[in-house]
Every structure is written in C-alpha cells, then in structure tokens.
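Reviewing the structure listed below.
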Amino acid sequence: MTAAFTPSNPYQPLLRQIQNQRILSLDFPHLPADRVARSRWGTSWLSRGRPEHPPIVFADRVRNAMRLVALDGLAEKSGFQLGQGVAEARAMCPEVDVLPSDRAADRALLEGLADWCSRYTPLVALDGETALYLDITGCAHLLGGEKSLLDDLLARLFHLGIEARAAISSSAGLSWAVARFGAQSVIAPEEAARVLSPLPMAALRLPADMIETLGRVGLKQVGDIIEAPRAPLARRFGSMLLLRLDQAMGLEDEPLSPRLPVASLSAERRLSEPVQGEDDIFVLTQELAARLKPELEKRGEGGRLFELLLFRVDGRVFRIAAGTSSPLIEPGRIAGLFRERLQAVHDDLDAGFGFEILRLSVPRSEKYEVMQEDFSGTPDRERPLAAFADRVMARLGAESLFLPVLSESHVPERAAVFQPLADVGMLKTAEEAACSVPVALLAASVRPQRLFQSPEPVEAVAEVPEGPPRSFRWRRSLHRIARAEGPERIAAEWWVDGEKAAERDYFRVEDERGRRFWLFREGHYGGPTQPRWFMHGVFA
C-alpha cells in the first residue's frame, strides 16, 4: 500500500508532516545484563572484549514459579528462553548464573540513558522497559547528518558498556521494526514499503496470539499484507492490524510523549577538554546565561526556573534546577544562583573525570518588566529582596523561606498561614491585604505578638459564670492576675469543627509581675461539660 500524494488527497498535509519527522528507535536487548556487567567488569567491558563467564539469566516469580525474565547474549546463544523455569535452566547448564530480577535498577539505568540521550535531542521518550524513542527532527545536521549521529550514538554507548540497536525513519513504528528485525539503519520516507516487506509480523508490534493466527493462514511477513485488500483483513483480524501497518508505513500519526517537559529556550557548550572545578562550571554557566539574555529580551520575558545539565564523560547526567522569586535575565545573578546550588549539592556532585557538555535551559519564564531605577529617585526595594530570596532558596531549598498570609477565618490559629515565598510579589500582596483591614477592627481585636500554633491547656481559677481568671498555672508556674480585659467571644467554625464545637471567650490578662497573656475559656460554667482553659499567646 502506498500513499497517493495528489492535490485531491485530504490526508496529504498530515502525511507530509509525518514524513518530514525523523524518529530514532533505540533498543537495549540485554539491559539487565549490561547493568550487571558494568558493575562487575567496568563500563569499558565491551571495548576490552567479553571476559570468560557462564551464561547470565535473570529470574522472577511469575504465576507462583521462578521463571527467566531476562537473558544476556551468551544465554540466548546457549538456547535459554524467556519464561523458562529456573530448574529447567539449571538442568540445561548447571553453571548458569541465575540472578534475581531488579526492575527498579533496570528502570533507573534506562532513565539515566534517557538523560544521556538528551545530548542529541530534548525529545526523548521511554519505550517500555528496555528501549527509547528520540525525535531527532531538525537535529541531525548538528552532527553531520543522520548516519553520523547514529554512528556517534552507538559508538559512545559501546564504550559505555551498553549493547544497543538503533534505526532512523519517518515513523516510530518503522524505526522500532528495523531496529529489532532489520539490517538497514537509516530509512528514507519512500523506502518504507520496501524495508518492511521482508520483516516478520512481529515487527508490527502485534499481540502474540494475533501473530500466531496470521501465521496459520500463511501471512508470515509484512509484505504479505501490504498489498492485500484491507476490508477482509479488518473483518478477520480487527482494526489493530491495519493501524500498526499504517503507523509503520507513515500513513498514521503516532505521537510520542517526552519523559520530561521540553524547555522553551536553552544554550549549550560542548568542551574539547572536560572541566571538573566549580569555578570553571560557574564561568561557563555565566557564559551560557549571557547567550540566553538576548533571546529573553527579544521575547520580553525573564526566567523563573533555570536548569543546568552537566554531562559527565562516563555517561552520567546531573540536573541542577534553580528557581527565582521574580523573572530574571541578568547573567551574573543567574550564574550566582547555580554557584549557591553547586555549594549546596557539593557532596552529591561527583565530577569524576569531568563534564564534557553543559546546557542551561529555561523551562519556565514570565513577562519581564524593565525598570529604570537610577533616574526614578525611588529604587525598587523588591530587587535586593528578590536577590536575597533567590540566594537563600538556591542554597537551602525552594521551601526555606515562608511568608505569613492572611486567611479568611476568624479562628485565631487559622487567620494566617505560612506559604513558601515562591514570588517576591507575594510580599506586596500580603502588605496590601494587611493594610486593607479596618483600623477599628484591629483596635477591637488586639492579638499577641507570639501566637501559639496549638493552644496549651492551663489550670485556671475564675469567677463564675462569665468572669475573668483570678489565677492560673501554666508550665508548672503559678500566675496571679492583677488586671484583665474581656471577654472577646469567638464562635467555632461549625463547617470545619462540627456543630457541637464549643465557642471561646478570650481574655487579655496581666499578672502581678507585669507579664501579659492571652487566654480563653472553651465552654461555659453550668453547661453539660466542665469548661477548659487554654493559653493561646503572650504579649511582648
């Protein structure tokens, strides 16, 4: 089946868009075995030649039996099969090395390889548990073409001790099929039918039972159905067969989901000599930030989140993120944030033999308003505060600074909450909210400078039924009251505490030594339950 690119074809724009994209499928056939081999013999075990070792297999419990779930290359050549029982495998080869399956470690290695592959393109998607997709549309020319990119990728993986198979085509389905069953590595859009025809039906990513059914009627290769009538195939085998065929042929779009959001703006520096020192990283970061500034100014935006990627020569990638409390474009301040972050993660940042690639990205940006402070006569007080907040949060974490914010509640402990200072503009909002409170209300409800988050129980002696306390014992100390003001009655929030929650009567009291406290009585004397007294705050 071929696509008819004619002016009357309504699918022509979609087909043209699909065939203009270039997808690289990267398969790791022995990923668990490579993980073990790297830990046993080092990352260069492939380039040094395979050491003498028995077959390595990985076992896990499947349907209440220990069965093989992964093999190395030698085990495949020795005749072991996935799903085979461990006892049968030991009977075939007593010296076989049976290891427990560790899916978490395999997943961590795959995600590490995905980070490493972002040196070629930011659009990297996971494909199952042992493969990746790379959307390299528009990226291949940076490495001299698709063939050069593919050769460079496979050569680097080989020296990192990772076996890999890869192919590039205009569709994810075709790249997937050729990487596992084909021989040609780079396929042009017009070669899809020719390359697919000799491949087995398994190359279409069909379920095993459908492949078996197709084989029983003599349809064993993809070429057997490419030119066959579509209606009988759909009636006999369902719509999935034709969908997978169209996806492989590039006639049906198959969107990929990148594992990480793609930054709107980034700058990269590839080094001829790796760097290790924090000072060198700082200088290069400032250089990358300076390269980002013109584009940010052109867009009228400033970065709110920056991410620095450090590609170590042995394949490990470090991601260091730094957020800001206001839009930022100044290279010096951006680099200063990462100096703080590097010092904060110093123990976790192992430079090893050095970093060969540095990339600075802007995952999140906002509108940036240029302010001229020198001639206004009123310098912006938020700028130095924002710089201070950025440095503290870069060193100690995003939730190291909190701001008290008024909340819509008349219960004292709920009237204000602490929120992380994510935006320096929150200070102005909180100030405006505080100034909007009527003065009469503030005078009528004086609150202590120190308010306890949770009221502490006290033992009080008071006049009944509504009088203030005469004395109370708090934290093993007896306080005799000299003066008292109140009560100030605050009802409970029945929609939060329930309809049976008792109301509170607050008193401002001063003891004989001049210390002032804020107490309240929960409940009333003469009621169904005995009232309780609590200390809620102290005045300066």
Side-chain angles (χ1 to χ4, degrees), residues 25-62 65-117 119 127-132 150-167 176 178-185 200 202 274 311-317 350 352-354 356:
S25 177
L26 187 59
D27 178 46
F28 307 105
H30 307 121
L31 187 67
D34 293 340
R35 172 177 57 82
V36 173
R38 283 160 51 94
S39 63
R40 288 183 177 180
W41 307 308
T43 57
S44 58
W45 69 280
L46 273 175
S47 58
R48 293 199 309 264
R50 299 173 182 267
E52 293 292 335
H53 65 88
I56 300 176
V57 298
F58 296 83
D60 202 351
R61 184 168 295 279
V62 179
M66 295 301 295
R67 299 187 179 277
L68 305 187
V69 295
L71 313 171
D72 73 341
L74 182 57
E76 287 183 349
K77 295 178 181 178
S78 301
F80 293 95
Q81 300 291 331
L82 295 178
Q84 188 176 17
V86 173
E88 182 182 354
R90 292 189 186 278
M92 290 176 54
C93 181
E95 63 272 14
V96 63
D97 191 358
V98 181
L99 301 177
S101 175
D102 191 343
R103 295 184 182 276
D106 296 340
R107 180 75 174 191
L109 177 57
L110 182 64
E111 292 185 349
L113 290 171
D115 283 335
W116 179 85
C117 287
R119 66 173 55 212
D127 178 22
E129 298 182 351
T130 60
L132 300 171
L150 190 63
D151 292 343
D152 181 77
L153 183 147
L154 294 177
R156 289 177 180 274
L157 288 174
F158 179 80
H159 290 291
L160 292 176
I162 302 293
E163 295 185 70
R165 300 176 299 199
W176 189 96
V178 176
R180 290 156 180 80
F181 301 98
Q184 188 174 347
S185 57
F311 294 81
R312 206 166 65 179
V313 293
D314 64 350
R316 187 173 177 184
V317 180
D350 182 9
F353 292 103
E356 58 180 350

*asked:* If I take atom OG1 from residue T130 and atom CG from residue D106, how far apart are they, to the nearest 0.5 angstrom?
replied: 9.5 Å
*asked:* Restricting to salt bridge (charged side-chain N to carboxylate O under 4.0 Å, His left out), what partner residues turn up for R156, sequence neighbours left out?
replied: D152, E356
*Taking side-chain contact (heavy atoms from CB on, under 4.5 Å) as the test, write out the residues that go with L46, two or more places apart.*
R50, F158, E163
*Which atom pair, heavy atoms only, marks the closest approach of C117 to L132?*
SG-CD1, 4.0 Å
*Looking only at heavy atoms, which two atoms of F353 and P274 are closest? And how far apart?*
O-CB, 3.7 Å
*Which residues satisfy the side-chain contact (heavy atoms from CB on, under 4.5 Å) test with R165, sequence neighbours excluded?*
D27, P29, R180
_Derivation and outcome, side-chain contact (heavy atoms from CB on, under 4.5 Å), residues R312 and D350_ = CA-CA 9 Å; R312 206 166 65 179; D350 182 9; 3.7 Å; yes
_From CA spacing to verdict: side-chain contact (heavy atoms from CB on, under 4.5 Å), V86, L68_ = CA-CA 6 Å; V86 173; L68 305 187; 4.3 Å; yes
*What heavy-atom pair brings L82 and A70 nearest, and what distance separates the two atoms?*
CD2-N, 3.6 Å
*asked:* To check you understand the geometry: which heavy-atom pair defines the closest contact between D115 and F311, and what is its length?
replied: O-CE2, 3.6 Å
_Nearest 0.5 Å, please: how far is CG in L110 from CZ in R103?_
13.0 Å
*From R67 CZ over to D60 CG, what is the distance, rounded to the nearest 0.5 angstrom?*
12.0 Å
*Contact list for residues 80-92, test side-chain hydrogen bond (donor to acceptor under 3.5 Å, both in side chains), sequence neighbours left out*: Q84-E88
*With sequence neighbours excluded, tell me which residues meet side-chain contact (heavy atoms from CB on, under 4.5 Å) with A105.*
R35, D102
*Are H53 and D72 close enough, and set up right, to give a side-chain contact (heavy atoms from CB on, under 4.5 Å), and what steps lead you there?*
CA-CA 11 Å; H53 65 88; D72 73 341; 3.2 Å; yes
*Please test D34 against L160 for side-chain contact (heavy atoms from CB on, under 4.5 Å), starting from the C-alpha separation and ending with a verdict.*
CA-CA 10 Å; D34 293 340; L160 292 176; over 6 Å; no
*Between R316 and D314, does at least one N-O distance fall below 4.0 Å, as a salt bridge requires?*
no
*Distance in Å, L157 CG paired with F28 CZ, rounded so as to fall on 0.5 Å steps*: 5.5 Å
_Taking the side chain as everything from C-beta on, heavy atoms only, tell me whether V96 gets closer than 4.5 Å to P54._
no
*With L99, which residues qualify under side-chain contact (heavy atoms from CB on, under 4.5 Å), at least two apart?*
V36, R40, I56, F58, D97
*Identify the two heavy atoms, one from L150 and one from S185, that lie closest to each other, and give their separation to 0.1 Å.*
CD2-CB, 3.3 Å
*Identify the heavy atoms of F80 and C93 that sit nearest to each other, and give their distance.*
CZ-CB, 3.6 Å
